Amino acid sequence: MKWQAIAPGKTYEDGGELVVFFSKGSGSTHLISPVAALILECLSSGPLSTEELHEQVAGQVDDVSAEEMQVFLSRLLEELRESELVDEV
């Protein structure tokens, strides 16, 4: 399965636990995790498969098994889809 960003956006980080993401397409502002921000950054270049995204974010999440990472990534992508920030291609 491939994913794409619905619209370009801008992230604002202050080093905290959350990142502010402004969607230029909808004009909405979202509080997201740094990993979610990384996913949106990766997708800004074009659609990527779940496996490709897994490779990109694997180094950003510490002490989790490959299976746990797969579950985490699936949930995160679903949250981003529900927020209308990404969609399946």
Side-chain angles (χ1 to χ4, degrees):
M1 172 180 314
K2 285 203 171 204
W3 297 89
Q4 68 181 1
I6 290 178
K10 175 81 173 143
T11 57
Y12 302 90
E13 299 181 50
D14 68 355
E17 292 184 22
L18 295 175
V19 174
V20 175
F21 180 80
F22 173 74
S23 172
K24 294 178 181 178
S26 68
S28 298
T29 302
H30 304 267
L31 288 176
I32 59 175
S33 71
V35 175
L38 176 59
I39 288 172
L40 292 171
E41 180 182 326
C42 292
L43 293 175
S44 69
S45 300
L48 294 172
S49 69
T50 304
E51 293 78 21
E52 291 168 319
L53 289 169
H54 182 276
E55 292 173 11
Q56 295 290 323
V57 301
Q60 302 297 316
V61 180
D62 298 326
D63 301 324
V64 296
S65 69
E67 182 179 298
E68 291 171 322
M69 179 55 131
Q70 199 168 20
V71 170
F72 170 78
L73 185 57
S74 294
R75 287 181 182 160
L76 184 54
L77 286 166
E78 183 59 29
E79 289 174 17
L80 291 171
R81 189 182 66 75
E82 289 173 1
S83 297
E84 299 180 352
L85 297 175
V86 302
D87 205 0
E88 298 175 51
V89 178

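What you see is a predicted model; the values in this text were computed from it and never measured.
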- Query: Do Ser49 and Glu52 get their side chains close enough for a donor-acceptor pair, meaning under 3.5 Å?
  - Reply: yes
Considering only heavy atoms from C-beta outward, does the side chain of [X] approach that of [Y] to under 4.5 Å?
X: Ile39; Y: Val57; value: yes
X: Trp3; Y: Asp87; value: no
X: Ile32; Y: Val20; value: no

For residues 8-21, the side chain to side chain donor-acceptor pair (under 3.5 Å) pairs (sequence neighbours left out) are none
Which atom pair, heavy atoms only, marks the closest approach of [X] to [Y]?
X: Ser23; Y: Ala7; answer: OG-CB, 4.2 Å
X: Thr50; Y: Leu73; answer: O-CD2, 3.6 Å
X: Val89; Y: Pro47; answer: CG2-CB, 3.9 Å

Nearest 0.5 Å, what's the [atom1]-[atom2] distance between [X] and [Y]?
X: Gln4; Y: Ser44; atom1: CD; atom2: OG; result: 12.5 Å
X: Leu77; Y: His54; atom1: CG; atom2: NE2; result: 11.0 Å
X: Leu31; Y: Leu18; atom1: CG; atom2: CG; result: 5.5 Å

Please indicate whether [X] has more than 12 foreign heavy atoms, meaning atoms of other residues, nucleotides or ligands, lying under 6.0 Å from its [atom1].
X: Glu67; atom1: CD; value: no
X: Glu84; atom1: CD; value: no
X: Gln70; atom1: CD; value: no

Q | Pair Val19-Ser33, side-chain contact (heavy atoms from CB on, under 4.5 Å): steps then yes or no | A | CA-CA 6 Å; Val19 174; Ser33 71; over 6 Å; no
Those residues at least two apart in sequence (or on a different chain) that pass side chain to side chain contact (heavy atoms under 4.5 Å, CB included) with Phe72 are Val35, Val61, Met69, Leu76
Next item on the list: Answer with yes or no whether the hydrophobic clustering places Leu53 together with Leu38; edges join I, L, V, M, F, W, Y residues whose side-chain heavy atoms lie under 4.5 Å apart.
Entry: yes
Residues at least two apart in sequence or cross-chain that pass salt bridge (charged side-chain N to carboxylate O under 4.0 Å, His left out) with Glu78, listed by chain then number, are Arg81
**OP:** Start with the C-alpha distance between His30 and Leu85, add both sets of side-chain angles, then the distance that settles side-chain contact (heavy atoms from CB on, under 4.5 Å), and finish with yes or no.
**Re:** CA-CA 9 Å; His30 304 267; Leu85 297 175; 3.6 Å; yes
